[in-house]
Participant: 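If you scroll down you'll find the structure; I have some questions about it.
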Amino acid sequence: TKIVDATGLDQGDVSTPRDLLKIFTKVTTNTDIKKILGTQKTTVTGVLNKKATKRTVENSNKLLIANNDPSYKVIASKTGYTDEAGATLI
């Protein structure tokens with residue numbers, strides 16, 4: 001695995017499905033990160049023009065949003081799309 005850019009969009013980023021699974025498995029052992037990845041919707045407070053501002057942030061990952069089937073539970077996932085890789089899912 002070679003990661004050039006943290007966004008994962010740089011063409012110099014190269015990995016295998018096995019390495020991506022290892023990385024994702026390790027990352028999701030961190031309870032804070034796991035909670036963030038599995039959050040469907042939240043409100044955050046920030047500063048805009050020196051004033052406290054609240055914004056609602058929604059996760060667009062359809063696997064989390066449509067997770068109403070009690071036979072499985074998606075706790076976190078990473079989806080994406082680039083022309084080079086096509087649709088991806090971890």
Participant: Nearest 0.5 Å please: distance from the CG atom of Asp19 over to the NZ atom of Lys2.
Facilitator: 14.5 Å
Participant: Would you please name every residue forming a side chain to side chain contact (heavy atoms under 4.5 Å, CB included) with Lys54, sequence neighbours left out?
Facilitator: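 Lys54 satisfies side chain to side chain contact (heavy atoms under 4.5 Å, CB included) with Thr43, Thr45 only.
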Participant: Should side-chain heavy atoms under 4.5 Å link Ile, Leu, Val, Met, Phe, Trp and Tyr, which residues sit in the same cluster as Val44?
Facilitator: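 ILVMFWY cluster around Val44 also holds Val57.
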Participant: What pairs with Thr39 under side-chain hydrogen bond (donor to acceptor under 3.5 Å, both in side chains), at least two apart in sequence or on another chain?
Facilitator: none
Participant: For Asp10, give me all partners under side chain to side chain contact (heavy atoms under 4.5 Å, CB included), at least two apart in sequence or on another chain.
Facilitator: Val4, Asp5, Asp13
Participant: Counting only pairs under 3.5 Å, give me each side-chain donor-acceptor contact of residues 26-36, with atom names and distances, residues two or more places apart or in other chains.
Facilitator:
| from | atom 1 | to | atom 2 | distance (Å) |
| --- | --- | --- | --- | --- |
| Thr28 | OG1 | Phe24 | O | 3.0 |
| Thr28 | OG1 | Thr25 | O | 3.1 |
| Thr29 | OG1 | Lys26 | O | 2.6 |
| Asn30 | OD1 | Asp32 | N | 2.9 |
| Asn30 | OD1 | Ile33 | N | 3.0 |

Participant: Quick one: CZ on Arg55 to CG on Leu48, what's the gap to the nearest 0.5 Å?
Facilitator: 5.5 Å
Participant: Partners of Glu58 by side chain to side chain contact (heavy atoms under 4.5 Å, CB included), sequence neighbours excluded?
Facilitator: Lys41, Thr56
